[in-house]
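All heavy atoms count here, side chains included; hydrogens, waters and symmetry mates do not.
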Amino acid sequence: MVYYTKDDLPYYYDLANTYAISDRYFSSVMGPTHPNRSFLLAGTSYGLCTNFSIAVLQRYGIQPYLILDALDARGLTWGYYTDGKAFINKLFGAKYVKKSIAQFNEALSSSTLPDVVFLDAVLGITDEHPTADPITGSSWVQSRIASIQNSATWDSSVIFLTYDECGGFYDHVKVPSAVIPDDSPMLKYYAALRDRYGWDFNRYGFRVPFMAISPFSKTHYVSHEIADHTSVLRFIEKRFDIPPLGNRDAVAHDLMDLFEFENN
């Protein structure tokens, strides 16, 4: 087991000491990248606990409905920006159009950013996934956050920084129970696989880092409320008056304890 000190990753330590963090933010499922990213965008992984693609969902007649669709239905705007592999397209199809980081920078400089933005690092280079260098990843994050802080958008922004799943197979904090997100037919299909490993969708995965970076963030604050990726959905839903996508985000912690909106 290894960890990085403030000498290794000074920017992350500075963010954590300046803004608000959570020490009870868990990945949404005890599984790998794809199901956890699905929870962040859809509030569920449709009963899938291993990496999957849109072809698997189509095979079982599952029509995904994402927070992006809910924003569209409200007449709100969104953007998914990355210079790397677009997980959103692999998981949910080509209808969700990705844009480049250059396009993000252009929208930021012209104050035309969408209402909700997802920024995704490049797989194996800036995403800090082994064996990618976390120092390179933190530099990429710093560039993105600094560009927002130095723009007119900063005064009305909330930035959430997190990771899709954990960096190992252990944690000294016990994983709490969670609400089963839906009644997807895949829940039954994958029951034998889940039984084999002794877990289900009624609990979270291991903790992952989480920071709330904003002019509204409480200073040097640590939240102890249980949260997961669907908490980000709940925050968006609360901000824009959007109904929950499923059972998990309906009861998720909304992250409001990390902010002081009323004093700004």
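- For CZ of R239, the number of neighbouring non-hydrogen atoms (other residues, nucleotides, ligands) closer than 6.0 Å is 12 at most.
- Other cluster members for V97: none, since no ILVMFWY side-chain heavy atom sits under 4.5 Å from it.
- Counting non-hydrogen atoms of other residues, nucleotides and ligands closer than 6.0 Å to OH of Y4 gives a total of 12 or fewer.
- When the side chains of ILVMFWY residues are joined at heavy-atom separations under 4.5 Å, either directly or via intervening members, L255 and F240 end up in a single hydrophobic cluster.
- Put simply, the side chain of L41 does not reach to within 4.5 Å of the side chain of F87, judged on heavy atoms.
- With sequence neighbours excluded, the residues satisfying salt bridge (Lys or Arg N to Asp or Glu O under 4.0 Å) with D228 are R248.
- In summary, of the residues considered (T230, I226, V29), a side chain to side chain contact (heavy atoms under 4.5 Å, CB included) with Y204 occurs for I226 alone.
- Residues V222 and L15 share a single hydrophobic cluster, defined by chaining ILVMFWY side chains whose heavy atoms lie under 4.5 Å apart.
- Every residue two or more places apart in sequence or in another chain was checked for a side chain to side chain donor-acceptor pair (under 3.5 Å) with S151, and none qualifies.
- Shown here for L57 and L91, the closest heavy-atom pair between the two residues is CD1-O, 3.7 Å.
- Between the side chain of S22 and the backbone N or O of F210, no donor-acceptor pair lies under 3.5 Å.
- In the hydrophobic clustering of ILVMFWY residues, with side-chain heavy atoms under 4.5 Å counting as a link, I145 and I125 come out apart.
- N150 places a side-chain N or O within donor-acceptor distance of the main-chain N or O of A146, the cut-off being under 3.5 Å.
- Within the model, atoms OG1 of T44 and CG of D182 stand 3.5 Å from one another, a figure rounded to the nearest 0.5 Å.
- Taking every heavy atom of both residues into account, G205 and F26 meet most closely at O-CD2, 3.2 Å.
- By the 4.5 Å heavy-atom criterion applied to side chains, L40 and D164 are not counted as neighbours.
- Residues K238 and M256 form a side-chain contact, since some pair of their non-hydrogen atoms from C-beta on lies under 4.5 Å apart.
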What do the steps show when you test V158 against F235 for side chain to side chain contact (heavy atoms under 4.5 Å, CB included), and what is the final call?
-> CA-CA 10 Å; V158 168; F235 180 90; 4.2 Å; yes
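- Here S223 contributes atom OG and M211 contributes atom CE; the two are 14.0 Å apart, rounded to the nearest 0.5 Å.
- Between the NZ atom in K95 and the CG atom in L66 there is a gap of 7.0 Å [rounded to 0.5 Å].
- Atom-to-atom distance recorded for H220:NE2 and T18:OG1 is 9.0 Å, nearest 0.5 angstrom.
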Table please: side-chain donor-acceptor pairs of residues 171-179 below 3.5 Å, with sequence neighbours left out.
from	atom 1	to	atom 2	distance (Å)
D171	OD1	V173	N	3.2
D171	OD1	R207	NH2	3.0
D171	OD2	R207	NE	2.8

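- Taking 4.5 Å as the limit, some side-chain heavy atom of D257 sits within range of a side-chain heavy atom of Y221.
- Between the S217 side chain and the A212 main chain, a donor and an acceptor come within less than 3.5 Å of each other.
- A distance below 6.0 Å separates the ring centres of H229 and Y25.
- Residue pairs meeting the salt bridge (charged side-chain N to carboxylate O under 4.0 Å, His left out) criterion with at least one member in residues 109-120, sequence neighbours excluded, are R37-D120.
- Within the 3.5 Å criterion, the main-chain N or O of S231 finds no donor-acceptor partner in the side chain of H253.
- Shown here for C49 and P32, the closest heavy-atom pair between the two residues is O-CD, 3.2 Å.
- Salt-bridge formation is not detected for the pair R234/D254: no Lys NZ or Arg NE/NH1/NH2 atom is positioned less than 4.0 Å from an Asp or Glu carboxylate oxygen.
- Within a 6.0 Å sphere centred on NZ of K99, other residues, nucleotides and ligands contribute 12 heavy atoms or fewer.
- Summarising the geometry of L258 relative to I21, their closest heavy-atom pair is CD2-O, 4.0 Å, with the distance given to 0.1 Å.
- Annotation: side chain of H224 is in contact with side chain of D23 (closest heavy-atom distance under 4.5 Å).
- Follow the hydrophobic side-chain contacts under 4.5 Å out from I62 and you reach I67 in the same cluster.
- In this structure, the side chain of K98 engages the main chain of G84 through a donor-acceptor pair within 3.5 Å.
- The minimum heavy-atom distance between N51 and P35, with the atom names listed, is OD1-CD, 3.7 Å.
- Considering only residues two or more places apart in sequence or on other chains, Q103 meets the side chain to side chain donor-acceptor pair (under 3.5 Å) condition with S100.
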side-chain hydrogen bond (donor to acceptor under 3.5 Å, both in side chains) between N36 and S28: does it pass, once the steps are laid out?
-> CA-CA 6 Å; N36 276 295; S28 293; 4.6 Å; no
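- Counting only distance, with no hydrogens or angles, the side chain of D127 and the backbone of A132 share no donor-acceptor pair below 3.5 Å.
- A donor-acceptor distance shorter than 3.5 angstrom exists from the side chain of T162 to the backbone of P209, with no hydrogens or angles considered.
- Residues L245 and E237 have side chains in contact (heavy-atom distance under 4.5 Å, counting atoms from C-beta outward).
- A donor-acceptor pair under 3.5 Å is formed between the side chain of S138 and the backbone N or O of I135.
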Give the C-alpha distance, both sets of side-chain angles, the deciding distance and a yes or no for side chain to side chain contact (heavy atoms under 4.5 Å, CB included) between R144 and I101.
-> CA-CA 9 Å; R144 304 286 77 75; I101 297 300; 3.8 Å; yes
Could you walk me through whether T82 and L119 pass the side chain to side chain contact (heavy atoms under 4.5 Å, CB included) check?
-> CA-CA 6 Å; T82 182; L119 286 168; over 6 Å; no
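- Within the 3.5 Å criterion, the main-chain N or O of Y65 finds no donor-acceptor partner in the side chain of D69.
- Y163 is listed as a side-chain neighbour of E128, based on a closest heavy-atom distance under 4.5 Å.
- Looking at Y3 and D8, their side chains never bring a donor and an acceptor atom within 3.5 Å of each other.
- For the atom pair L108 CG and S157 OG, the distance stands at 8.0 Å (nearest 0.5 Å).
- Proximity of P134 to Y12: side-chain heavy atoms (C-beta onward) are nowhere separated by under 4.5 Å.
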Tell me, with the steps shown, if S214 and I159 meet side chain to side chain contact (heavy atoms under 4.5 Å, CB included).
-> CA-CA 6 Å; S214 170; I159 303 169; over 6 Å; no
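- The aromatic rings of F261 and F216 are tilted relative to each other, their planes meeting at an angle between 30° and 60°.
- Ring-plane geometry between F52 and F92 is classed as perpendicular, the angle between the planes exceeding 60 degrees on a 0 to 90 degree scale with a lower cut at 30.
- In this structure, the side chain of T126 engages the main chain of V122 through a donor-acceptor pair within 3.5 Å.
- Using the six-membered ring where Trp is involved, Y19 and W154 have ring planes that are perpendicular, over 60° apart on the 30 and 60° scheme.
- Minimum heavy-atom separation, A70 to I242: CB-CG2, 3.6 Å.
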